[in-house]
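Working notes for the structure below.
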There are 4 protein chains.
Amino acid sequence: MSSAERVRSAAVKLFATKGFHGTGIRDLAQEAELSSATLYHYMGTKEDLLVEIMTTSLHRLIDAVAKATAGSDDPVVRMRTLVALHVLAHAAQPGETRVVDNEVDALSAPARARVVALRDEYEQFWAKAIEDGAAANVFHTAQPAVTRLALLEMCSGVARWYSPTGPLKLEDLATHYAELALRALGHPVAVRAHDLRQCLEVVAQVWDLPVQEGF
Amino acid sequence: MSSAERVRSAAVKLFATKGFHGTGIRDLAQEAELSSATLYHYMGTKEDLLVEIMTTSLHRLIDAVAKATAGSDDPVVRMRTLVALHVLAHAAQPGETRVVDNEVDALSAPARARVVALRDEYEQFWAKAIEDGAAANVFHTAQPAVTRLALLEMCSGVARWYSPTGPLKLEDLATHYAELALRALGHPVAVRAHDLRQCLEVVAQVWDLPVQEGF
Amino acid sequence: MSSAERVRSAAVKLFATKGFHGTGIRDLAQEAELSSATLYHYMGTKEDLLVEIMTTSLHRLIDAVAKATAGSDDPVVRMRTLVALHVLAHAAQPGETRVVDNEVDALSAPARARVVALRDEYEQFWAKAIEDGAAANVFHTAQPAVTRLALLEMCSGVARWYSPTGPLKLEDLATHYAELALRALGHPVAVRAHDLRQCLEVVAQVWDLPVQEGF
Amino acid sequence: MSSAERVRSAAVKLFATKGFHGTGIRDLAQEAELSSATLYHYMGTKEDLLVEIMTTSLHRLIDAVAKATAGSDDPVVRMRTLVALHVLAHAAQPGETRVVDNEVDALSAPARARVVALRDEYEQFWAKAIEDGAAANVFHTAQPAVTRLALLEMCSGVARWYSPTGPLKLEDLATHYAELALRALGHPVAVRAHDLRQCLEVVAQVWDLPVQEGF
DNA sequence: GATGAATGAGTTTTCATTCAT
DNA sequence: TATGAATGAAAACTCATTCAT
């Protein structure tokens, strides 16, 4: 792993576990096994590093859902895909996703605006799927916006506790959450692991992970 | 409001919005309209303040669910109650609850152990209700533990966005989430605001809020 | 013990063991079992308290040696008496004497000048006795001033380690030191406890201690 | 002089004159002509600095007496050497030695234990010499332990007042104290400067001082 | 690329002291 | 006599960052 990569992954790890404000430059240097002065060869300011992590993570999420939902008109299929991708991303990349989800407040106003715009762009995929499903009478929810937020939070939580070394396989995790979401949307159908195969592939591709069950 | 109260509410507000590490003693002093030295009349260390906020908040949650579920054997009713109380608490006290949910990592090891123990005690009410419902065949979930975590995260998210001045009334919010949760548990029944009246009362009592629709 | 006395004895104890700068107002308050605000009823500033302790201690020493050596022309007797008194005072009042010996540097310039003047006044008794003994050819020392300092330091050290509950009785301690001093001055004569009886009485009187072997 | 050396010598000077608690970080920075932040490049905490000063000083004393007394069986010669070395060290390095002698109470418990152990190791040389002399009937003292403490204090006092620019030469100082000590031990023999030549050399070597009369 | 040295501004916390009650 | 409340100044120490090498 190059020094640049070490810096980035140290930042992801520490920002995720200790928070942006809880992580010092010296912590980063120690984790990356570099001097703190050397850090500045690979990053701008500490905030630049945070922004970079957040934007690449969000861009990847957006890429992934764009790819995986392209060409699908069925809101149920799209919803299933969105949930699966979100959960897989949070389970496979808990560091980056926790940073995105928890450290928005640490950003300065202009950087925050850019990040929030990306997050909104991403959430639009969810909003659209829910709306379409409601219009098609396959989803039943009195408060589509509230439901969207509820489901997003539900899925994001995975990054807080999922362990790839635990008994639960990634595909079963994704399957389970997809089912929870569809049930909550009033469309209680069984989801099979097979339905989510494409999602695993997209995640592997976008995040450059080895294609295997547990990444 | 006394100085001691001002310190506490300043801490809740700032820890919730800027995070523990993102909040300086000077920020607290300014928000509480006291000198930073005076702050130390009313608190021990900054961490003591955080611990106090977390433990009282968790004790209240535990009190509330203990009160509201006492004497109810029906897992569906208990689950409905747990969800409603959780959502109401997070909507009515977004500051305290966000601090509890997000700042556990900021605690030193011994304090964290105590807080986590309280949180586990609280989550046991959820675990029990889900187990009982599954045993009684009214809930259907292949992964009860995962489902519990998913639902808890879903409900906690409310503290991030709910606004009491928005169009959504507290009782409708609680109703909606209760329905989402019961659906996700495979028990899709309608929930009426009337069913949750007691929850509103318990919340008002435990958090010492004015008894009215929007607190 | 009155509050005023508690303040003073707390200060003596803490200044002696932790030093003036190492002792905080709150430490004093705790030791005296008073609030820190109440302390200020009984003292001026912290430095005033230190000055008071030092000056009363030095005045007592001066009183004691003036009393005990009055009317004695024999330099050997006077020296024996000075050593015994110094050692007894340091053994019986280790707190006050350690403060006098160690905290002079903590005083502001004007206060230091006053304290040093008192100390010099006291040391004059020693200087005079040594000079007289040298003139009378009973003491033999090439460097009277150096010898005076050496003997003073030797005797002051008692306050650092003597314990009244240990095996060594006060009168034996004084006897031993008197002999060491006379030997060092080239006048090696035996000193008997009986010779120092008056010293014990003077010390008991000046420091208001119960007249008994161990005070 | 390097920055690191400037920090150390500033600390020795200020800890010796104002005490550990009486010396602030800003005082050290000013004396060392560095910013207070830069200080922390060269030291750990303020206490680490104190510990380092004390331990190196004690190690040097131990080295010096080990070297100078090696191969000497005569208790009188050893005692003479111990006194001379102690006095020379305190006269030539009054800063370090005063810190060792006066600031032990400023240490935290674990650091204090280590320092006291070193001091005890050093004092064993004195204890042994006195015991051996008493056994050989060349020293006469009823209380060997008390005598040891008395002589140590007597010699340490030199650091409080000796000035290398004054009229008293180092070798005369050492000679005088050696004589005082031997007299106090009941072995009143003349000591000649020539007897202590080796001591001056050892001190010059161990403390890395220029070999000349006044260092 | 990499780093030791350096620092101004910042951190949390404690200081001695005052004062209204 | 006694104290809780209050504070400006200072304490020790860390911060993110720069720069000469």
Side-chain angles (χ1 to χ4, degrees), chain A residues 2-4 6-7 11 20-29 32-50, chain B residues 2-4 6-7 20-29 32-50 106, chain C residues 2-4 6-7 11 20-29 32-50, chain D residues 2-4 6-7 20-29 32-50 106:
Chain A
S2 74
S3 290
R6 288 218 306 280
V7 171
F20 178 75
H21 290 302
T23 302
I25 288 287
R26 281 163 168 80
D27 298 325
L28 287 173
E33 298 184 277
L34 291 169
S35 79
S36 61
T38 304
L39 239 52
Y40 284 86
H41 267 285
Y42 299 101
M43 62 180 217
T45 64
K46 200 178 129 189
E47 193 188 9
D48 291 341
L49 190 52
L50 175 61
Chain B
S2 75
S3 291
R6 288 217 305 282
V7 171
F20 179 75
H21 290 303
T23 301
I25 288 288
R26 289 163 153 83
D27 299 324
L28 285 173
E33 297 181 288
L34 291 170
S35 79
S36 62
T38 302
L39 238 51
Y40 284 85
H41 238 292
Y42 298 101
M43 62 182 215
T45 63
K46 206 178 116 181
E47 192 188 8
D48 291 340
L49 192 50
L50 175 61
Chain C
S2 74
S3 290
R6 287 217 307 280
V7 171
F20 178 74
H21 290 302
T23 302
I25 288 287
R26 280 162 170 78
D27 298 325
L28 287 173
E33 298 183 274
L34 291 169
S35 79
S36 61
T38 303
L39 239 53
Y40 283 85
H41 266 283
Y42 299 100
M43 63 181 215
T45 65
K46 200 179 130 187
E47 193 188 9
D48 291 340
L49 190 52
L50 176 62
Chain D
S2 74
S3 290
R6 288 217 307 281
V7 171
F20 178 75
H21 290 302
T23 302
I25 288 289
R26 290 162 153 83
D27 299 325
L28 285 172
E33 297 180 285
L34 292 169
S35 79
S36 62
T38 302
L39 239 53
Y40 284 88
H41 239 294
Y42 298 100
M43 61 181 215
T45 64
K46 206 177 114 180
E47 192 188 8
D48 291 340
L49 192 51
L50 175 62

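Throughout, a chain's letter reflects where its sequence line sits, starting with A, and its residues are numbered from 1.
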Legend entry - For atom CZ of B/Arg6 and atom P of F/dA6, their distance in whole Å: 8 Å

Inset, instruction - Measure the NE2-CG distance between D/His21 and D/Leu50 for me, rounded to the nearest 0.5 Å. - result: 9.0 Å

Inset, instruction - For the residue pair A/Leu34 and A/Ser3, establish whether any side-chain heavy-atom pair is separated by less than 4.5 Å. - result: yes

Inset, instruction - Report the C-alpha separation of A/Arg6 and A/Tyr42 in whole Å, then their side-chain angles, then the decisive distance to 0.1 Å, and conclude whether the side chain to side chain contact (heavy atoms under 4.5 Å, CB included) test is met. - result: CA-CA 10 Å; A/Arg6 288 218 306 280; A/Tyr42 299 101; over 6 Å; no

Inset, instruction - Check the distance between F/dT3's C1' and C/Glu33's CD and give it to me in whole angstrom. - result: 16 Å

Inset, instruction - Mind checking the NE2-CG spacing from C/His41 to C/Leu39? Nearest 0.5 Å is all I need. - result: 10.5 Å

Inset, instruction - Please report, rounded to the nearest Å, how far the C1' atom of F/dC15 is from the CG atom of A/Leu28. - result: 13 Å

Legend entry - side chain to side chain contact (heavy atoms under 4.5 Å, CB included) between A/Thr23 and A/Leu28, worked out: CA-CA 7 Å; A/Thr23 302; A/Leu28 287 173; 3.9 Å; yes

Inset, instruction - Indicate for each nucleotide in nucleotides 11-21 of chain E, in 5' to 3' sequence, whether protein heavy atoms under 4.0 Å reach the base (B), only the sugar-phosphate (S), or nothing (-). - result: BBBB-BBBB--

Legend entry - A/Ser36 side, atom OG; A/Asp27 side, atom CG - distance, nearest 0.5 Å: 11.0 Å

Legend entry - Distance, nearest 0.5 Å, that separates CG of D/Leu49 from CD of D/Glu47: 10.5 Å

Inset, instruction - Report the C-alpha separation of D/Val7 and D/Thr38 in whole Å, then their side-chain angles, then the decisive distance to 0.1 Å, and conclude whether the side chain to side chain contact (heavy atoms under 4.5 Å, CB included) test is met. - result: CA-CA 10 Å; D/Val7 171; D/Thr38 302; over 6 Å; no

Legend entry - OP1 or OP2 of F/dA6 under 4.0 Å from side-chain N/O of B/Ser3: yes

Legend entry - Nucleotide-level pairing of DNA chain F, given in dot-bracket where Watson-Crick and G-U pairs need both distances under 3.5 Å and | marks other strands: .||||||||||||||||||||

